[in-house]
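The next block holds one structure in the form of structure tokens; read it before the comments.
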Amino acid sequence: MQGTPPHPDARRADSRRWKALIVIALAQLMVVLDTTVVNISLPSAQHVLGISDGNRQWVITAYSLAFGGLLLFGGRIADLAGRRRMFVIGLTGFAGASALGGAAVGTATLLAARALQGVFGALLAPAALSLLSVTFSEPKERAKAFGIYGAVSGGGGALGLILGGVLTQYLSWRWALYVNIPFAVAGIVGALTVVREPDERPQRSRLDIPGVLLATGGLVLLVLGFSQAETHGWHAHDTVLLLVGAVLLLAVFVLVESRAATPLLPLRVVIDRNRGGVYLSLGLSVIGMFGLFLFLTYYLQVVKGYTPLVAGLAFLPMIVGMVTGSTQIGSRLMNVLPPRLLMGAGFLVSALGILLLTQLKVESSYAAVVLPAQVLLGLGMGTAFMPATSLATHSVQLRDAGVASAMVSTSQQVGGSIGTALLNTVASSSGHRWAARHLQQAKSLGKAGYANHAAVHGYTVAGWWAVSILGIAALAAFTLIQGPGQDAGPSAATDTGKTTVPVLTAESG
């Protein structure tokens with residue numbers, strides 16, 4: 001409530017904010033790791049459990065459907081029920097689902113466990129980011145905190161490839177799921193001892209059930225539609241129906257939210273020019289980044305013959321680049337340069353990295369092409385993600401911090417689904433066309449060599465698409481984002497008397 005005197009433990013809670021950051025970052029790392037660590041272990045799990053080729057995609061899709069579909073719901077629940085409470089519930093449920101998946105003896109159990117991981121991940125991710133946004137308000141500290149968080153978010157996916165390779169090769173595919181349990185236990189203990197919420201709490205209101213159903217249904221259909229496009233093509237009947245259904249449900253959702261007394265997603269959150277620009281540019285950039293993970297994984301393991309462990313280690317330069325870009329470039333310059341410049345430049349540097357990968361050949365050396373490309377991509381994404389994540393919760397009302405944070409994850413999740421489906425389709429179709437045009441080379445190259453040349457051609461064509469998309473992301477950042485302190489349209493500041501999450505930046509710092 002306004003005017004409430006400081007809590008007696010406020011000073012102590014404030015002194016624990018850096019420990020709280022460790023706990024929040026640990027939870028975020030667990031969620032991000034899970035998106036890639038399971039990918040590496042999937043072939044082994046498929047063999048042990050006897051999962052059919054038709055069902056293996058559901059090990060990934062079951063998670064992404066639940067996670068992507070429920071993120072907005074999770075964000076709003078965090079606002080209404082308490083961020084720390086949902087943080088602990090999310091960690092507990094994620095650990096339980098991971099244990100269930102690791103102990104699975106059949107396909108159904110594993111798929112159910114992956115769906116449950118997605119459900120609790122959707123509660124955990126927005127609670128973690130909103131806790132971070134309300135814990136750090138001083139500009140320089142906020143820059144450092146979001147730099148660390150951005151490095152974890154950006155590098156965690158690549159780190160998962162390494163960890164997945166180690167666990168699968170030396171222990172078992174089951175440890176790709178069991179590994180979440182110690183992360184979750186440490187997070188729960190930390191949350192209960194060092195994480196605090198502000199004394200001022202948003203006024204509680206009723207949950208927007210129609211909004212929940214429409215948003216969840218629309219996002220589930222959207223993610224499922226892109227998953228279907230990846231496996232069955234864009235013109236398949238089911239793909240078209242799912243995508244059309246998603247557009248219709250989300251259109252009705254916007255209409256309902258514009259009239260609801262207590263909306264699930266207050267439109268003031270997304271029509272703010274800065275936040276809208278962040279959500280759009282971030283989603284576009286993830287399309288290119290996810291495409292890179294996919295193609296490089298196949299290139300290194302199938303074309304170059306790397307083992308899962310060595311292929312995972314080959315992603316280390318990207319992790320180093322992301323950590324460096326986020327903590328040494330983004331966080332240091334965030335209070336000096338406008339966010340749009342950091343984000344736009346970061347996306348362009350990432351595009352340059354992928355541009356190098358369009359020159360890939362079957363015989364290309366790792367050191368000459370893949371290594372510098374990864375460094376550039378990592379530096380660019382790390383530099384861009386850091387101010388983007390912070391700006392997404394700039395001046396948001398305290399009561400909307402959870403749902404604004406959820407929109408960050410939603411844009412990334414949808415972007416990842418689109419990127420995987422779109423770029424995989426482009427690569428596959430381009431590879432088939434190359435093979436049809438170069439049939440005369442089949443004998444001289446051999447069956448494996450011929451297939452590898454076709455695949456690499458497909459990867460390079462998809463790379464050009466990714467470069468173009470990252471260019472559009474940079475353009476969106478340069479043109480849409482004005483930066484805090486400038487007139488950015490309706491925001492928390494227009495709603496007088498409401499508490500806002502204080503922030504950073506060049507203009508305000």
Can you find a pair of side-chain heavy atoms, one from [X] and one from [Y], that are under 4.5 Å apart?
X: Thr383; Y: Val349; value: no
X: Val252; Y: Leu249; value: no
X: Asn180; Y: Val37; value: no
X: Leu221; Y: Leu243; value: no
X: Ile22; Y: Val194; value: no
X: Asn274; Y: Val278; value: no
X: Leu282; Y: Phe385; value: yes
X: Ile469; Y: Leu422; value: yes

For [X] and [Y], which heavy atoms make the closest approach, and how far apart are they?
X: Val256; Y: Pro210; value: CG1-CB, 4.4 Å
X: Leu177; Y: Gly102; value: CD1-N, 3.5 Å
X: Ser285; Y: Met381; value: O-CE, 3.3 Å

Can you list every side-chain hydrogen bond (donor to acceptor under 3.5 Å, both in side chains) pair that touches residues 21-30, not counting sequence neighbours?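 Of all non-adjacent pairs touching residues 21-30, those that pass side-chain hydrogen bond (donor to acceptor under 3.5 Å, both in side chains) are Gln28-Tyr149, Gln28-Ser153.
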Rounded at 0.5 Å granularity, tell me how far [atom1] in [X] sits from [atom2] in [Y].
X: Leu71; Y: Leu124; atom1: CG; atom2: CG; value: 10.5 Å
X: Ile89; Y: Ile188; atom1: CD1; atom2: CD1; value: 10.5 Å
X: Leu167; Y: Trp175; atom1: CG; atom2: CH2; value: 8.5 Å
X: Met318; Y: Ser350; atom1: CE; atom2: OG; value: 9.5 Å
X: Met30; Y: Ile181; atom1: CE; atom2: CD1; value: 10.5 Å
X: Ile77; Y: Arg85; atom1: CD1; atom2: CZ; value: 11.0 Å

Could you tell me which residues satisfy side-chain contact (heavy atoms from CB on, under 4.5 Å) with [X], sequence neighbours excluded, listed by chain and number?
X: Val247; result: none
X: Arg84; result: Val195, Arg196, Glu197
X: Ala45; result: Trp173
X: Leu280; result: Leu284, Ala476, Leu480

Pairs where [range] contributes a residue and the test salt bridge (charged side-chain N to carboxylate O under 4.0 Å, His left out) is met, not counting sequence neighbours:
range: residues 122-133; result: none
range: residues 109-130; result: Asp34-Arg114
range: residues 403-421; result: none

Qualifying residues under ring pair (Phe, Tyr, Trp, His ring centres under 6.0 Å), relative to Phe183, sequence neighbours excluded: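 Partners of Phe183 by the ring pair (Phe, Tyr, Trp, His ring centres under 6.0 Å) criterion come out as none, since no residue qualifies.
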Qualifying ring pair (Phe, Tyr, Trp, His ring centres under 6.0 Å) pairs with a residue from residues 62-119, counting only residues at least two apart or across chains: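 Sorted pair list: Tyr63-Phe67.
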